[in-house]
Amino acid sequence: MTTAIIGTGGIGSAIARQLASGGETLRLSSADQASARRLAAQIGDAAVVAAGNRDALQGADAVILALRFTALKGVIDEIAGPLAGRLVVVPSNPVGLDAHGNLVRLLPDGQSSGEVVAGWLPAGARLAMAFGSMSADLFESAGHRSPEPAVLFYATDDDRAGQEVGRLIRTAGFEPVKAGGLGQSGRLEVGGDLHDLVVGPAKARSLTGGA
Ligand SMILES: NC(=O)c1ccc[n+]([C@@H]2O[C@H](COP(=O)([O-])OP(=O)(O)OC[C@H]3O[C@@H](n4cnc5c(N)ncnc54)[C@H](OP(=O)(O)O)[C@@H]3O)[C@@H](O)[C@H]2O)c1
């Protein structure tokens with residue numbers, strides 16, 4: 001199947017490599033198209049560079065918005081029409097740097113990034129928050145682990161999105177486990193109790209209570 005990845009920086013590149021290694025076809029787009037071209041050349045035949053963000057969605061079953069949180073709304077507005085009826089996967093953590101270079105959360109305590117992003121999407125888009133629960137290096141080293149796969153947590157309010165993102169997570173070499181609905185997405189992000197956790201399915205289910 002085909003997935004569009006918009007944003008080919010640190011996490012977008014890692015997700016692209018992991019998905020391609022599992023047999024997914026990719027359509028890549030980034031503000032810096034040179035970075036998308038370099039990544040496509042590294043991946044080979046499984047990846048093509050789209051002419052732009054909207055073009056990336058042509059023929060794609062799903063789209064991953066591998067963007068900084070502050071860039072998300074602008075890109076969603078740019079590609080809103082084609083998002084309806086598609087799985088939209090968001091790995092973004094709602095964090096940025098303050099004037100002193102310290103990492104700060106961009107949303108008030110207790111406000112879920114998943115619910116905020118859901119409010120930006122058009123009706124009919126199926127949102128899953130996923131692929132942002134590990135740093136890029138850890139994500140790449142934990143994929144395709146054997147004999148027991150590592151878990152990648154996701155959060156969604158939509159059962160079909162859960163099935164679809166589960167397929168992508170397996171393609172990337174992990175076992176999917178739902179952490180909860182979009183209101184629980186804070187558990188996946190930097191500072192959340194499930195962030196940067198490499199565990200197997202049994203431990204993951206004990207942490208999520210079989211959500
Ligand atoms: N890196 C990690 O280890 C990691 C792990 C988990 C989660 N995350 C989260 O994932 C998000 C992205 O992080 P990152 O480290 O990958 O950031 P990044 O390296 O800055 O990559 C962001 C990418 O988005 C592109 N972009 C910006 N505006 C765009 C637009 N309008 N249209 C298309 N592409 C655009 C950037 O292109 P330009 O370079 O040309 O601006 C860049 O390729 C963040 O929220 C972060 O918290 C990151």
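Counting from 1, the numbers follow the sequence of the chain as shown. When reading the values below, keep in mind they use all heavy atoms of this one structure, side chains included, and skip hydrogens, waters and symmetry mates. Ligands are counted one by one from 1 in listed order, and the atoms in each one are counted from 1 as well.
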- prompt: Regarding T25 and T2, is there a side-chain donor-to-acceptor distance under 3.5 Å anywhere?
  reply: no
Neighbouring protein residues of ligand 1 - any heavy atom closer than 4.0 Å: I6, G7, T8, G9, G10, I11, S30, A31, D32, N53, A66, L67, R68, F69, V75, P91, S92, N93, G132, M134, S135, A136
Pairs of donor and acceptor atoms involving the side chains of residues 85-101, under 3.5 Å and at least two apart or interchain, shall be tabulated with distances.
from	atom 1	to	atom 2	distance (Å)
R86	NE	A60	O	2.8
R86	NH1	P82	O	2.6
R86	NH2	L57	O	2.9
R86	NH2	A60	O	3.4
S92	OG	L67	O	2.5
N93	OD1	V190	N	2.7
N93	ND2	P91	O	3.2
N93	ND2	G132	O	3.2
D98	OD1	H100	N	2.8
D98	OD1	G101	N	3.1
D98	OD1	N102	N	2.9

message: Quiz question: by atom type and distance under 3.5 Å, do the side chains of S113 and S185 form a donor-acceptor pair?
response: yes
- request: Could you list the residues that satisfy salt bridge (Lys or Arg N to Asp or Glu O under 4.0 Å) with E164, not counting sequence neighbours?
  value: R126, R160
task: State whether R105 and D109 are salt-bridged, where the test is any N-O pair (Lys NZ or Arg NE/NH1/NH2 against Asp/Glu carboxylate O) under 4.0 Å.
output: no
Residues 172-184 side chain polar contacts: donor-acceptor under 3.5 Å, at least two apart:
from	atom 1	to	atom 2	distance (Å)
E175	OE2	R170	NH2	3.4
K178	NZ	T156	O	3.4

